[in-house]
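Every chain is numbered from 1, with letters handed out A, B, ... down the list of sequences.
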Number of protein chains: 2
Amino acid sequence: MPWELKADRPIYAQLIEQIELKICSGIYAPGSRLPSVRDLAREASVNPNTMQRALAKLEEDGLLYSTRTSGRFVTEDDNVIYQVKNKLAQEQIQDFLKKMKQLGFENKEILSMLKTMLEEVKR
Amino acid sequence: MPWELKADRPIYAQLIEQIELKICSGIYAPGSRLPSVRDLAREASVNPNTMQRALAKLEEDGLLYSTRTSGRFVTEDDNVIYQVKNKLAQEQIQDFLKKMKQLGFENKEILSMLKTMLEEVKR
DNA sequence: ATTATTGTATTAAGCACTTAATACAATAAT
DNA sequence: ATTATTGTATTAAGTGCTTAATACAATAAT
């Protein structure tokens with residue numbers, strides 16, 4: 001999964017989101033080591049400072065921790081990850097429902113449109 | 001519905017979205033006149049230039065049109081609105097599903113979580 | 001005709017984000 | 001001990017967003 005960075009939002013915020021996703025989905029496994037700031041920055045075609053900023057935030061949230069020179073690691077605490085994963089999911093659902101209702105769709109419509117989309121994606 | 005503007009994204013982009021929503025949901029009815037740029041800007045606590053920028057974009061998309069001095073109006077073309085409404089809905093659904101899958105949820109889970117949330121909101 | 005209101009354009013300043021270049025601090029590897 | 005790699009910090013410059021102040025253009029209302 002490559003890095004997807006759009007210009008309509010601060011890059012550091014997008015980096016936070018995408019790294020969060022990779023941790024919650026297990027792509028970055030608990031306890032595993034991340035590439036170095038410099039490597040991650042190169043990978044994402046981003047300035048190291050920008051990547052550092054994103055990582056610092058995730059560290060603040062407890063998803064990552066860093067040791068002085070051996071690198072930066074995903075937390076081993078499964079519970080922290082689980083909590084974040086569910087928090088993000090709840091937010092996604094609520095935001096989605098809010099937007100759809102603002103657009104003027106009813107619960108039934110939302111559900112049926114979603115089901116339709118799920119069927120289509122299967123194929 | 002008041003104006004909700006967060007600091008994590010360009011204001012003009014948020015204005016575009018929210019006005020789009022109001023048009024698609026009929027809060028701003030087809031053919032109806034919008035408040036003036038200055039009034040809208042005051043209403044949203046935003047600089048007139050910023051509001052102007054958002055309106056210009058919506059005009060470009062065909063949702064609005066302006067006459068020199070009698071103001072700015074929502075298009076009378078129901079079809080244009082319908083198209084935009086559905087395009088936005090499709091985007092919402094796809095983005096939502098993408099994020100949820102990246103988080104590691106299966107179709108079944110997504111559907112059941114959504115249903116649960118819909119039940120809760122009812123109350 | 002005059003006035004007020006509309007959309008529109010311009011210029012300048014402040015701010016946050018981003019990049020760039022560089023340096024320092026700590027320690028694992030040698 | 002030395003070296004390389006790690007995270008971290010600093011300073012400066014460029015860019016885009018936002019605000020502010022102002023002016024102009026067109027026309028509906030009077």
Watson-Crick and G-U pairing of DNA chain D, under 3.5 Å, as dot-bracket with | and [ ] | ||||||||||||||||||||||||||||||

With sequence neighbours left out, what residues match Arg42(A) under salt bridge (Lys or Arg N to Asp or Glu O under 4.0 Å)?
-> Asp39(A)

Which residue pairs pass the salt bridge (Lys or Arg N to Asp or Glu O under 4.0 Å) test with at least one member in residues 63-76 of chain A, sequence neighbours excluded?
-> Glu59(A)-Arg72(A)

Between Glu17(A) and Arg9(A), does at least one N-O distance fall below 4.0 Å, as a salt bridge requires?
-> yes

Considering residues at least two apart in sequence or located in another chain, which fulfil the side-chain hydrogen bond (donor to acceptor under 3.5 Å, both in side chains) criterion with Ser112(B)?
-> none

The side chain to side chain contact (heavy atoms under 4.5 Å, CB included) partners of Lys108(B) (sequence neighbours excluded) come to none

State which residues pass side-chain hydrogen bond (donor to acceptor under 3.5 Å, both in side chains) with Arg38(B); sequence neighbours excluded, sorted by chain then number.
-> none

Side chains of residues 78-100 of chain B: which donor-acceptor partners sit under 3.5 Å, not counting sequence neighbours?
from	atom 1	to	atom 2	distance (Å)
Asn79(B)	OD1	Gln83(B)	NE2	3.4
Lys98(B)	NZ	Glu4(A)	OE1	3.2

Among the nucleotides dA20(D), dT6(C), dT6(D), which one has an atom lying closest to any side-chain atom of Asn49(B)?
-> dA20(D)

dT8(D) phosphate, OP1 or OP2, under 4.0 Å from Ser66(A) side-chain N/O | yes

To the nearest angstrom, how far is Leu34(A) atom CG from dT6(D) atom P?
-> 12 Å

Give a yes/no answer on whether the side chain of Thr50(B) brings an N or O atom under 4.0 Å of OP1 or OP2 in dT19(D).
-> yes

Among the nucleotides dG7(C), dT19(D), dG7(D), whichever has the atom closest to the side chain of Arg72(B) is dG7(C)

Shared-cluster residues of Tyr65(B), by chain and number - hydrophobic side chains joined below 4.5 Å | Phe73(B)

Take Ser45(A) and Asp39(B), find for each the nucleotide of DNA chain C with the closest heavy atom, and name the residue whose nucleotide sits nearer the 5' end.
-> Asp39(B)

Between dT8(D) atom P and Leu64(A) atom CG, what is the distance in whole Å?
-> 10 Å

Would you please name every residue forming a side-chain hydrogen bond (donor to acceptor under 3.5 Å, both in side chains) with Arg33(B), sequence neighbours left out?
-> none

Distance, rounded to the nearest Å, where Arg38(A) contributes CZ and dT8(D) contributes P | 11 Å

Under 3.5 Å, which protein N or O atoms sit close to an N or O of nucleotides 12-17 of chain C? Give each pair with its distance.
from	atom 1	to	atom 2	distance (Å)
dC17(C)	OP2	Arg53(A)	NH2	3.3

Could you go step by step and tell me if Thr50(A) and Asn47(A) meet the side-chain contact (heavy atoms from CB on, under 4.5 Å) rule?
-> CA-CA 5 Å; Thr50(A) 307; Asn47(A) 189 277; 3.8 Å; yes

Distances under 3.5 Å between protein N/O atoms and the N/O atoms of nucleotides 27-30 of chain C, please, pair by pair.
from	atom 1	to	atom 2	distance (Å)
dT27(C)	O4'	Thr69(A)	OG1	2.8

Please name all residues satisfying side-chain hydrogen bond (donor to acceptor under 3.5 Å, both in side chains) with Asp77(B), sequence neighbours left out, ordered by chain then number.
-> none

May I have the distance from Gln52(B) (atom CD) to dC17(D) (atom C1'), rounded to whole angstrom?
-> 16 Å

In whole angstroms, how far is the P atom of dT8(C) from the CE atom of Met51(B)?
-> 14 Å

Taking atom C1' of dC17(D) as reference, at what distance in whole Å does atom NZ of Lys6(B) sit?
-> 19 Å

Nucleotide nearest Asn47(B) (side chain, heavy atoms from C-beta), chosen from dT19(C), dG7(D), dA20(D) | dA20(D)

Asp61(A) (side chain) donor-acceptor with Leu63(A) (main chain) under 3.5 angstrom | no

Round to the nearest Å and state the distance from Arg42(A) atom CZ to dT19(C) atom C1'.
-> 16 Å

Rounded to whole angstroms, how far apart are CG on Leu40(A) and P on dT5(D)?
-> 16 Å

